[in-house]
Protein chains: 2
Amino acid sequence: MKRKVTLKQIARELDVSISTVSKALRNSVEISEDTGEKVQAFAKLYNYRPNNIALSLKNRKTKTIGIIIPEIVHHFFSKVIRGIELVANKRGYNVIVGLSNESFSKEVINMEMLANGSIDGFILSVSKETLKLQDYHHFIETISQGMPIVMFDRVVNEINCDKVIVDDLKGSKKVVNKLVENGCKTIAIITTKDYVSVGKLRTQGYIEALEAHNIKPKADLILKVDDNLVSDEHLEVLEQEIEFMLTNNPKIDGVFAVNELYAISAMKVAQKLKRKIPEDIQVVGFTDGVLSKHASPSLTTVSQHAQEMGEKAAQLLIDNLEVEEEEETYQTVIIETELIERESTK
Amino acid sequence: MKRKVTLKQIARELDVSISTVSKALRNSVEISEDTGEKVQAFAKLYNYRPNNIALSLKNRKTKTIGIIIPEIVHHFFSKVIRGIELVANKRGYNVIVGLSNESFSKEVINMEMLANGSIDGFILSVSKETLKLQDYHHFIETISQGMPIVMFDRVVNEINCDKVIVDDLKGSKKVVNKLVENGCKTIAIITTKDYVSVGKLRTQGYIEALEAHNIKPKADLILKVDDNLVSDEHLEVLEQEIEFMLTNNPKIDGVFAVNELYAISAMKVAQKLKRKIPEDIQVVGFTDGVLSKHASPSLTTVSQHAQEMGEKAAQLLIDNLEVEEEEETYQTVIIETELIERESTK
DNA sequence: ACAAGCAACGCAAACGTTTTCGTGTTGACA
DNA sequence: TGTCAACACGAAAACGTTTGCGTTGCTTGT
């Protein structure tokens with residue numbers, strides 16, 4: 001087992017100084033052609049590669065960006081990661097991921113673990129628990145130490161940093177408009193509790209769009225599901241709640257679900273109740289994942305362009321990292337949504 | 001913006017030496033109670049945290065493990081990552097991910113990028129292109145430099161390292177046995193080309209299981225799909241091929257698909273051909289993802305226990321990293337598969 | 001009173017780089 | 001022959017830690 005070769009070893013072997021080797025490898029003019037070639041040849045022979053850690057220490061930058069997300073087994077988040085990795089790699093950066101698992105303390109611990117020199121900046125999506133507790137000290141502290149943060153999707157307005165979000169409001173309106181266009185008279189929404197910012201915004205978009213069409217939103221048609229229902233175990237409870245709403249409001253002919261799982265569940269319940277999709281009920285989801293595409297009928301849904309979000313977030317962060325003067329001006333990039341029409345709508 | 005405080009700054013501020021500060025913080029007996037408390041208080045006040053990079057350089061270990069996978073937008077792989085991250089975090093390690101995107105060169109580049117000191121060891125699943133080219137020099141080189149590798153799922157036998165695999169052969173036999181038990185007489189398989197090791201093994205298991213039941217495997221019933229068809233664009237081609245097989249072999253009453261997408265496609269085609277599932281045709285997949293659970297009918301499938309694979313891989317790697325004597329003995333851990341019965345079988 | 005011993009601290013090396021500056025050797029030129 | 005520039009290279013600091021060992025100053029015992 002041959003350990004990695006260092007400058008020192010090359011220097012000793014060739015009977016020159018470390019600095020000479022270093023300069024020779026970087027083609028410094030200070031080095032004679034003779035020694036230059038000798039060193040280069042030797043280095044190539046022993047497959048010399050500079051030690052990243054030493055470089056990081058010296059340059060005080062790691063060329064690594066940290067990602068903190070609530071969950072990785074999730075189409076949206078993994079697609080964002082793919083986007084981040086894509087541009088990060090292209091620009092010579094590595095990506096290190098931490099999972100908060102929607103937990104506040106894991107989010108804090110993970111950030112502290114990475115903030116001590118391991119990375120140059122964060123890209124993150126805030127965990128639900130953090131949103132609920134509204135405790136943002138770890139973000140504030142990180143930023144105040146000079147480490148930039150880019151938030152995506154689930155952001156917190158109080159924090160001053162770059163953000164990449166989807167236009168949830170507009171996206172929701174597109175959905176409602178589409179359903180109204182398609183002749184729906186009674187449109188229900190299946191959404192989350194309000195502290196999840198995106199859920200709140202989508203609900204708001206739904207309400208505003210209805211009002212724009214002179215339809216009065218009815219509380220009966222707004223189903224706010226408890227969050228832990230997203231986890232698969234509570235699927236039955238979710239379906240029961242949906243069934244309750246559908247049977248109690250038989251006139252519902254359009255359903256807007258703020259995520260894929262809710263939409264799929266809605267379709268399942270509707271089919272169980274012998275309502276035909278899209279003839280009797282039209283269903284639209286949010287987030288374009290595998291489920292939407294391969295469900296039967298396939299689901300009309302709002303694409304958030306997750307990969308693009310990741311790419312944009314990485315661009316923002318790296319641009320910020322590589323600019324000389326620290327400008328204290330942050331931007332919020334809005335990624336346009338797109339309504340992908342499939343079989344669950346007319 | 002207050003930069004991160006270092007030992008040197010504390011030392012200067014308190015008018016003691018750097019070593020005194022360091023020792024005080026580590027509760028060395030060499031330090032008087034007095035200075036000890038003073039330093040600790042100051043450190044806490046300024047929220048001192050040792051710089052990870054400096055520690056890595058000194059200790060020559062980074063407490064970080066590198067993951068290289070072909071694709072992250074994939075239920076199986078993301079679940080493996082979750083497993084890795086779980087035990088890695090528990091044992092004080094971070095996780096840095098690189099995506100090969102099924103490309104040989106990206107796999108090589110990513111590994112080289114990480115191998116220069118950034119990580120202590122690799123956990124990886126080999127890209128398809130690498131398997132096809134059979135060029136394993138980057139693995140060999142990495143290992144020979146003393147950096148341990150754990151391969152999972154898509155492994156290469158020629159390389160001597162720890163491995164975590166699923167018992168594809170046995171898993172496939174379970175499927176065929178189940179279908180035979182359920183009364184199937186003509187069982188088809190939808191699989192990949194042979195160079196994908198897992199595809200090959202599953203095909204082999206299918207054949208062996210059939211023969212064990214005195215059923216002669218027929219070439220007509222073995223559909224080897226070209227790999228790029230897994231990408232969603234070529235979905236139609238995939239469905240055409242399946243339809244071709246199903247119509248040309250109307251007696252098919254059982255289908256074994258080696259991945260989720262193939263299984264879903266098979267169900268879609270079957271339903272289009274007016275065959276009832278599971279009455280006319282029973283379908284079983286491999287890999288327990290979201291699609292299987294939420295398809296209609298929901299899909300009977302073989303669970304690979306992806307998260308467990310990740311956990312096991314991380315354990316192997318970290319155990320290897322933290323053992324004193326480098327033993328040159330590698331193990332291959334086999335994760336048991338489990339047949340999850342749902343609505344697509346009787 | 002003086003050596004020994006101990007408590008408390010500082011020095012310096014080490015990890016692997018890069019880079020600034022200093023230094024020695026040449027050669028040319030006056 | 002003496003001066004100076006150019007050339008080629010080495011020494012050392014720096015990044016932030018940890019740690020073995022040397023060095024103080026003081027207390028203790030005889």
Side-chain angles (χ1 to χ4, degrees), chain A residues 2-40 42-43 46-64 114-120 145-147, chain B residues 2-40 42-43 46-64 114-120 145-147:
Chain A
K2 40 168 191 181
R3 280 230 91 80
K4 296 234 68 171
V5 58
T6 69
L7 288 185
K8 189 190 285 193
Q9 293 169 34
I10 300 184
R12 193 184 310 146
E13 212 72 26
L14 262 47
D15 210 45
V16 291
S17 78
I18 297 182
S19 10
T20 302
V21 178
S22 176
K23 288 171 187 166
L25 291 176
R26 328 194 90 247
N27 295 312
S28 162
V29 290
E30 292 187 49
I31 301 300
S32 73
E33 209 170 321
D34 206 38
T35 23
E37 286 173 4
K38 204 165 53 182
V39 171
Q40 304 243 14
F42 194 92
Y46 281 85
N47 194 30
Y48 169 79
R49 293 275 180 280
N51 181 305
N52 273 333
I53 296 292
L55 285 180
S56 296
L57 185 59
K58 178 136 196 39
N59 302 329
R60 301 158 103 193
K61 57 176 91 166
T62 61
K63 289 272 191 176
T64 306
L114 297 182
N116 302 317
S118 303
I119 61 165
D120 295 339
Q145 282 174 354
M147 178 161 302
Chain B
K2 41 170 189 184
R3 281 231 92 80
K4 295 234 69 171
V5 58
T6 70
L7 289 185
K8 188 191 285 192
Q9 293 169 34
I10 300 184
R12 193 184 310 146
E13 211 72 27
L14 262 46
D15 209 43
V16 291
S17 78
I18 296 181
S19 14
T20 302
V21 178
S22 175
K23 287 170 185 167
L25 291 176
R26 326 194 92 246
N27 294 312
S28 162
V29 289
E30 292 185 49
I31 302 299
S32 73
E33 209 171 320
D34 207 39
T35 16
E37 286 175 5
K38 205 166 53 181
V39 172
Q40 304 243 15
F42 194 91
Y46 282 85
N47 195 30
Y48 169 79
R49 294 274 181 282
N51 182 305
N52 274 333
I53 296 293
L55 286 180
S56 297
L57 184 59
K58 181 144 196 32
N59 302 330
R60 301 160 101 195
K61 57 176 91 166
T62 60
K63 288 273 191 177
T64 306
L114 297 182
N116 302 316
S118 303
I119 61 165
D120 296 339
Q145 282 173 352
M147 178 161 302

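Here is the naming used below: chain letters follow the sequence lines, and residue numbers restart at 1 for every chain.
For Thr20(B), counting side-chain heavy atoms from C-beta on, the closest listed nucleotide (dT18(C), dG10(C), dT17(D)) is dG10(C). Set against dC15(D), dT17(C), dC9(D), the side chain of Thr35(A) has dC9(D) as its closest nucleotide. Minimum atom distance to the side chain of Glu30(A) is reached by dC21(C), of the listed dC21(C), dT19(C), dT18(D).
Within the model, atoms OH of Tyr46(B) and CD1 of Ile10(B) stand 9.5 Å from one another, a figure rounded to the nearest 0.5 Å. The distance from atom CD1 of Ile119(B) to atom OG1 of Thr64(B), rounded to the nearest 0.5 Å, is 8.5 Å. Here the CD-NZ distance, from Glu13(A) to Lys38(A), works out to 12.0 Å after rounding to the nearest 0.5 Å.
Taking only side-chain nitrogens and oxygens, Arg26(A) comes nearer than 4.0 Å to OP1 or OP2 of dT19(C). For the OP1/OP2 pair of dA8(C) and a distance below 4.0 Å, the side-chain nitrogens and oxygens of Ser32(B) include no atom meeting the criterion. The phosphate of dC9(D) has neither OP1 nor OP2 within less than 4.0 Å of any side-chain N or O from Ser17(A).
Separating the NZ atom of Lys4(B) from the P atom of dT17(D) is a distance of 9 Å, rounded to the nearest angstrom. Atom P of nucleotide dC7(D) and atom CD of Glu33(A) are separated by 13 Å, given to the nearest angstrom. When rounded to the nearest whole Å, the span between CG of Asp34(A) and P of dC9(D) equals 8 Å. Rounded to an integer number of Å, the gap from Lys58(A) NZ to dA12(D) P is 17 Å. Distance, Ile18(A) CD1 to dA14(D) P: 17 Å, rounded to whole Å. Atom CZ of Arg12(A) is separated from atom C1' of dA14(C) by 13 Å (rounded to the nearest Å). Atom P of nucleotide dC15(C) and atom CG of Leu57(A) are separated by 14 Å, given to the nearest angstrom. Residue Asn59(A) contributes atom CG, which lies 16 Å from atom P of dA14(D) at whole-angstrom precision.
Heavy-atom distances to DNA chain C give each of Tyr48(A) and Val29(B) a nearest nucleotide, and the one nearer the 5′ end belongs to Val29(B). Between Ser19(B) and Arg60(B), it is Ser19(B) whose nearest contact on DNA chain C lies nearer the 5' terminus.
You'll find the side chain of Val21(A) reaches within 4.5 Å of the side chain of Val16(A), heavy atoms only.
Lys23(A) comes within contact range of at least one nucleobase, with a heavy-atom separation under 4.0 Å. At a threshold of 4.0 angstrom between heavy atoms, the contacts of Thr6(A) are confined to the sugar-phosphate backbone, with no base atom among them. Within 4.0 Å (heavy atoms only), Ser28(B) reaches no atom of the nucleic acid at all.
Within a 6.0 Å sphere centred on NZ of Lys61(B), other residues, nucleotides and ligands contribute 12 heavy atoms or fewer.
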